[in-house]
Amino acid sequence: MSENKSYSVASGEEAVQSYWAENETFAVTENDPREKFYCLSMFPYPSGQLHMGHVRNFTLGDVISRFQRLKGKNVLHPIGWDAFGLPAENAAIKRNVPPAEWTHSNIEYMQGQMKRLGFSFDWNREFATCDSSYYRWEQWFFTRMFRKGLVYKKAAWVNWDPVDQTVLANEQVIDGRGWRSDAPVERRELSQWFVHITEYAEELLDFLDRMPGWPDKVKTMQRNWIGRSQGVEMTFPMPESPVSDITGVDVYTTRPDTLLGATYLAVAPQHPLATSAAEEDPELLAFLDKCNQTSVAEADMAKLPKEGMFSGLYAKHPLTDEDIPIWVANFVLMEYGSGAVMSVPAHDQRDCEFAQKYGLPIKQVVKPKPDSDESCDIASEAYVSKNGVVMGSGEYDGLDFDAAFDAIAEALESKSLGKRTVNYRLRDWLVSRQRYWGCPIPIIHCDHCGPVPVPDKELPITLPDNVSIDGSGSPLSKMPDWYNTSCPDCGKDAVRDTDTFDTFMESSWYYARFASADCSEGMLDERMQYWRNVDHYVGGEEHAILHLLYARFFHKVMRDEGLVDSDEPFEKLLSLGMVLKDGAKMSKSAGDAGDPQVLLNKHGADAVRMAMMFAAPPEQSFEWSEHGVESAEKWLRNRLWARVQEHLAHGTPPELEPDQLNDEQKELRRVTHETLAKAEDDYGRRLAFNTVVSAVMSMMGQVSKFQDTSPQGLAVMREALSAAIVIMSPITPHICHVLWQELHGKAMEDASWPVVDESAMIANEVELIVQVNGKLRAKLTIAMDASEEEAEAAARDIENVLRFLADKTVRKVIHVPNRLINFVVG
RNA sequence: GCCGGGGUGGCGGAACUGGUAGACGCGCCGGAUUCAAAAUCCGGUUCCUUCACGGGAGUGUCGGUUCGAUUCCGACCCUCGGUACCA
């Protein structure tokens, strides 16, 4: 072995990558005696090139996979492509390149980048969601959901670009205008497919309490998103309604105790009562038009100043029969609930501000309890507490929240004007998109039979490729050759649905497909039973709600269809913080920010991976800087590589004999085993890969100072270097592969995590902190596990401590063994 | 607006269960090596004060609990993510 052998990034890493490819090192099967471990990084959208957010995501998944392999697991670590979506159509419009072609060339390029980064993927299982062999089973599954009654059609409001004559995604609406046409967006009502996720709301909520492997932060967000509440659904009757099938205004409230304080109703601008009233009121019509010229995005709506207008209509109060005016308000969402709310300005802050603005009556019906210290000044702000007692409500006066809730609910129930209900903020999942580059919805519309699911034997319904995309309309709806067909039930002329699925449909079950990626007989096969449940799912925090909730829902529906036999898809979740560039999330819309290619060429994959892992703990967002990459490369070359080469030049040492070591040798051995123990804990439990790196750096600092070339000195050195290589190998697998081979003549992938020798970690002395009144005054080296008496005596011997104890009385001594002793003086 | 995070030296971050704030690295400063430089190696580096020993302040802001708070509680400021058609 040559002492001068230098570390070469380019040739070295690519040779190791070829070795992995030729040996299919990371291809796994189900016929394996080891315990299985399924590690999955959220698959990427093939946007063109990887950005540093991808590098972080896949490196983290790779580190976890490689660590679990060292721990003796049979690790499945697959990769695929979330290939349908808007950017491919945008590219088609802009550069006149077909979405399929654009997508496939992006995939090819990004595959190359992934291989160059050395990820331990089982490439045999790779697929893209735009492969008909994949989406075929999504179509098949949708028809199962259709037959189960889990899907239905309903009108929904979309952003409409009046110039391009097309539906806009929220992202495509910029300051209320279409991104290409710059025309003010309008709202338009379309008939759309919905999936009945609310039917699973209770279960989706309940299981959050049984998912210890998920971060509380994500579970809290999902809980709030589902938004379960208990309240009362009631009707404000309208004996003289202008709309024939409306006989009252339905509202839901969680505060029936304040019902007697309701002074007006507010309906959404899209509510049938509003549109009806506007027919005879040009001013109201103008207001509705104005309301309909905003995007449908909740964030945009919520930022609008709260505005409203009286509709001229009244409803009857369900308990008092009083006339209650009906207002139209821009903050009421048509999509949520019944599109109408009852307003109690005295006890709801938003209602209060609205009432003040428009001079509507404010009627107080709850007051603080006499012994309460709550403040209540209805003139300035609403009193929203549930701890008060009812007043000004006749027979209900004096009741507390619970009693008033029940009494008023019963009164409404006895008049058949209301009932107690559980309500969810969660809305059903709108899955239809008026776009081309997505999975065609497998439904045929027949004038005689209605919507009919495409029979299994006719699946998949593939996308036509001779399509022209010019940014106007919905491409499939302009292709009669494609959509004209016959009804599977009656055989008469019929048309295909020309919408495609929301791409969250594809990402809701891909994790399961990886277990049986090549199965052509069904959506999943028995191999899913072996791999079932992703043990560790790694992905960005931006997916904390939508993607993860849809995937959990899909899993439960698959379970109810007998396709999987567990309740939840992901045992453990690692929710990654954002990699920011100039303070914002890296994404397709942010352009090419953070292309790792230059860094890979210059410093190699190990250095890029190491710099990324070292930069911050996984859950934390941070601003990416390239500065760490060069220093990572230097450390690998000048520390790890150099120390191993020096060591190899001394030949093979004898067997390590722990009992024969001198103090210095014991000390290095203690550091080695403490580092191993810390790294194992950081990898397995804490997921703090940044501190794994810093621990190894510290350890290598000790190694560099250790100059002992005696036989046992070399043996201790060899143990230390071997530990450093094993610990680093999940993060910097290429250089570790080479060094391990040189040190042990064996393949790195056959190595296993060393057993920590507890006896090597025992120290004789500890450093004790000495405080006076909680302030650090001295440090003290003392025997391990010294008693309080010994510690106190030793501390009282220190000059600086005595200075602070002089002419004071020690009132208390706090001793935390092996940590500190604190004198409380007065 | 609403929901959920985050805020620690010049910078990225560490401090794991309330017990030494600033590990490790970048940057910077000094030294060794060199004819010189690059590369490499060694040392220093929160701020104020002190010749020094030491002392004081300090983890977004203000307040609280505690012998002791980056850590727990309350209010606020800033910032990031999500907000249902970006993925």
Side-chain angles (χ1 to χ4, degrees), chain A residues 42 44-45 47 82 84-87 156 158-159 167-173 215-218 220-225 227 295-304 306 331 335 350 425-430 432-435 502-504 507 540-547 549-550 575 577-578 580 583-585 587-589 611 614-617 619-625 627-628 630-632 634-635 638 642 678 681-682 685-686 688 690-691 693-698 701 704 767-776 779 799-800 803 811-814 816 819-820 822-825:
Chain A
M42 288 181 187
Y45 180 80
S47 52
D82 190 13
F84 277 138
L86 209 49
V158 295
N159 301 313
V167 177
L168 297 177
N170 286 331
E171 185 186 56
Q172 297 174 313
V173 180
D216 288 339
K217 156 187 162 177
V218 174
T220 304
M221 281 192 270
Q222 292 212 349
R223 233 174 247 123
N224 292 340
W225 183 261
S295 106
V296 296
E298 191 201 299
D300 291 338
M301 298 243 294
K303 280 176 208 143
L304 294 175
K306 316 242 176 306
F331 54 83
E335 291 82 4
R350 187 181 62 186
R425 203 189 76 97
L426 179 69
R427 308 201 288 260
D428 276 340
W429 178 10
L430 195 169
S432 16
R433 298 289 182 271
Q434 294 68 47
R435 306 194 191 288
D502 176 6
T503 56
F504 278 127
S507 55
E541 64 183 357
E542 72 271 28
H543 295 297
I545 298 177
L546 292 179
H547 161 61
L549 195 65
Y550 291 140
S575 174
M578 300 279 107
L580 307 173
K585 157 183 166 180
S587 70
K588 293 148 295 302
S589 45
F614 188 48
E619 328 78 59
Q620 190 171 315
S621 296
F622 74 101
E623 173 87 16
W624 169 249
S625 148
H627 288 117
E630 192 185 345
S631 60
K634 283 184 185 172
W635 184 86
N638 299 331
K678 175 173 176 54
D681 189 46
D682 283 357
R685 181 181 64 88
R686 295 180 66 216
N690 54 332
T691 54
V693 175
S694 61
V696 177
M697 284 176 167
S698 285
S704 293
E767 193 179 57
L768 199 71
I769 297 311
V770 184
Q771 295 180 337
V772 177
N773 278 349
K775 279 189 194 288
L776 175 72
K779 295 175 188 179
E799 197 189 322
N800 200 44
R803 271 178 54 196
R811 287 196 300 201
K812 203 161 149 192
V813 176
I814 289 158
V816 182
R819 297 218 87 138
L820 67 76
N822 183 15
F823 295 95
V824 184
V825 302

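Here is how names work: the chains are called A, B, and so on, in the same order as the sequence lines, proteins then strands, and each is numbered from 1.
Each of B:rG81, B:rG54, B:rA84 was ranked by its minimum atom distance to the side chain of A:Arg803; first place goes to B:rG54. Side-chain proximity of A:Leu430 to the nucleotides B:rG5, B:rC85, B:rA57 is greatest for B:rC85.
Across all strands, A:Phe504 comes closer than 4.0 Å to base atoms (heavy-atom distances). When heavy atoms are screened at a 4.0 angstrom cut-off, A:Ser295 is found touching no nucleic acid atom at all. Among the protein residues, A:Leu426 comes within range of the nucleic acid bases, having at least one heavy atom under 4.0 Å from a base atom. Among the protein residues, A:Val158 comes within range of the nucleic acid bases, having at least one heavy atom under 4.0 Å from a base atom. Among the heavy atoms of the strands, none lies under 4.0 Å from A:His547. A:Val167 comes within contact range of at least one nucleobase, with a heavy-atom separation under 4.0 Å. Nucleic acid contact class of A:Arg223 (heavy atoms, under 4.0 Å, all strands): none.
Of the possible polar contacts, one joining the A:Asn159 side chain to the A:Val296 backbone as a donor-acceptor pair under 3.5 Å is found. In terms of modelled atom types and a separation under 3.5 Å, the side chain of A:Gln172 and the main chain of A:Ala169 share a donor-acceptor contact. Looking at A:Arg433, its side chain never comes within 3.5 Å of a backbone N or O of A:Asp502 through a donor-acceptor pair. With A:Asn773 contributing its side chain and A:Val825 its backbone, the two residues share a donor-acceptor pair below 3.5 Å.
When the C1' atom is used for both B:rU59 and B:rA21, the distance is 7 Å, rounded to whole Å. To the nearest whole angstrom, the two C1' atoms, one in B:rG12 and one in B:rC3, are 29 Å apart. One P atom belongs to B:rC47, the other to B:rA52, and the distance between them is 15 Å to the nearest Å. Only the C1' atoms considered, B:rA14 is 25 Å distant from B:rG4, to the nearest whole Å. B:rG63 sits 28 Å from B:rG13 when the P atoms are compared, rounded to a whole Å. One P atom belongs to B:rC72, the other to B:rC86, and the distance between them is 36 Å to the nearest Å. Nucleotides B:rC76 and B:rU83 have their P atoms positioned 26 Å apart, rounded to a whole Å. B:rU45 and B:rG25 have their C1' atoms separated by 14 Å, with the value rounded to a whole Å.
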Restricting both atoms to N or O, compile the protein contacts to nucleotides 40-43 of chain B shorter than 3.5 Å, with distance only.
{"from": "B:rU40", "atom 1": "OP1", "to": "A:Asn638", "atom 2": "ND2", "distance (Å)": "3.2"}
{"from": "B:rC42", "atom 1": "OP2", "to": "A:Arg639", "atom 2": "NH2", "distance (Å)": "3.1"}

How does each nucleotide of nucleotides 7-25 of chain B score, in 5' to 3' order, for protein heavy atoms under 4.0 Å: base (B), sugar-phosphate only (S), or none (-)? -----BSSSB--BB--BBS

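Looking at A:Glu619, its side chain has no donor and acceptor atom pair within 3.5 Å of the base of B:rG5.
Rounded to whole Å, the distance from CH2 on A:Trp225 to C1' on B:rA84 is 4 Å. Following rounding to the nearest Å, A:Gln172 (CD) and B:rC86 (P) show an atom-to-atom distance of 8 Å. Look at CD1 on A:Ile545: it is 16 Å from P on B:rC2, rounded to the nearest Å.
For the OP1/OP2 pair of B:rG82 and a distance below 4.0 Å, the side-chain nitrogens and oxygens of A:Asn224 include no atom meeting the criterion. At the phosphate of B:rU83, neither OP1 nor OP2 sits under 4.0 Å from any side-chain N or O atom of A:Asn170.
Within the model, atoms OG of A:Ser631 and CG of A:Asn638 stand 11.0 Å from one another, a figure rounded to the nearest 0.5 Å. One distance of note links CZ of A:Arg223 with CD1 of A:Ile545; it measures 12.5 Å at 0.5 Å rounding.
A salt bridge links A:Glu541 to A:Lys217: at least one charged side-chain nitrogen sits closer than 4.0 Å to a carboxylate oxygen.
Its glycosidic angle being more than 90° from 0, B:rG68 falls on the anti side.
For A:Asp82, there are no salt bridge (charged side-chain N to carboxylate O under 4.0 Å, His left out) partners two or more places apart in sequence or in a different chain. When the ring pair (Phe, Tyr, Trp, His ring centres under 6.0 Å) test is applied to A:Tyr550, the partners found at least two apart in sequence or on another chain are A:Trp429, A:Phe504. Under the side-chain hydrogen bond (donor to acceptor under 3.5 Å, both in side chains) criterion, A:Gln434 pairs with A:Gln192, A:Asp499, sequence neighbours left out.
Smallest separation of non-hydrogen atoms from A:Asn822 and A:Gly774: OD1-N, 3.0 Å.
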A:Glu799 vs A:Arg803, salt bridge (Lys or Arg N to Asp or Glu O under 4.0 Å): CA-CA, chis, key distance, verdict: CA-CA 6 Å; A:Glu799 197 189 322; A:Arg803 271 178 54 196; over 6 Å; no

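More than 12 heavy atoms of other residues, nucleotides or ligands sit less than 6.0 Å from atom CZ of A:Arg425.
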RNA chain B in dot-bracket, Watson-Crick or G-U pairs under 3.5 Å, [ ] crossing, | other strand? (((((((..(((......[....)))((((((.......))))))((((....))))..(((((..]....))))))))))))....

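RNA chain B is contacted by both A:Gly85 and A:Tyr550; A:Tyr550 maps to the nucleotide lying nearer its 5′ end (nearest heavy atom per residue).
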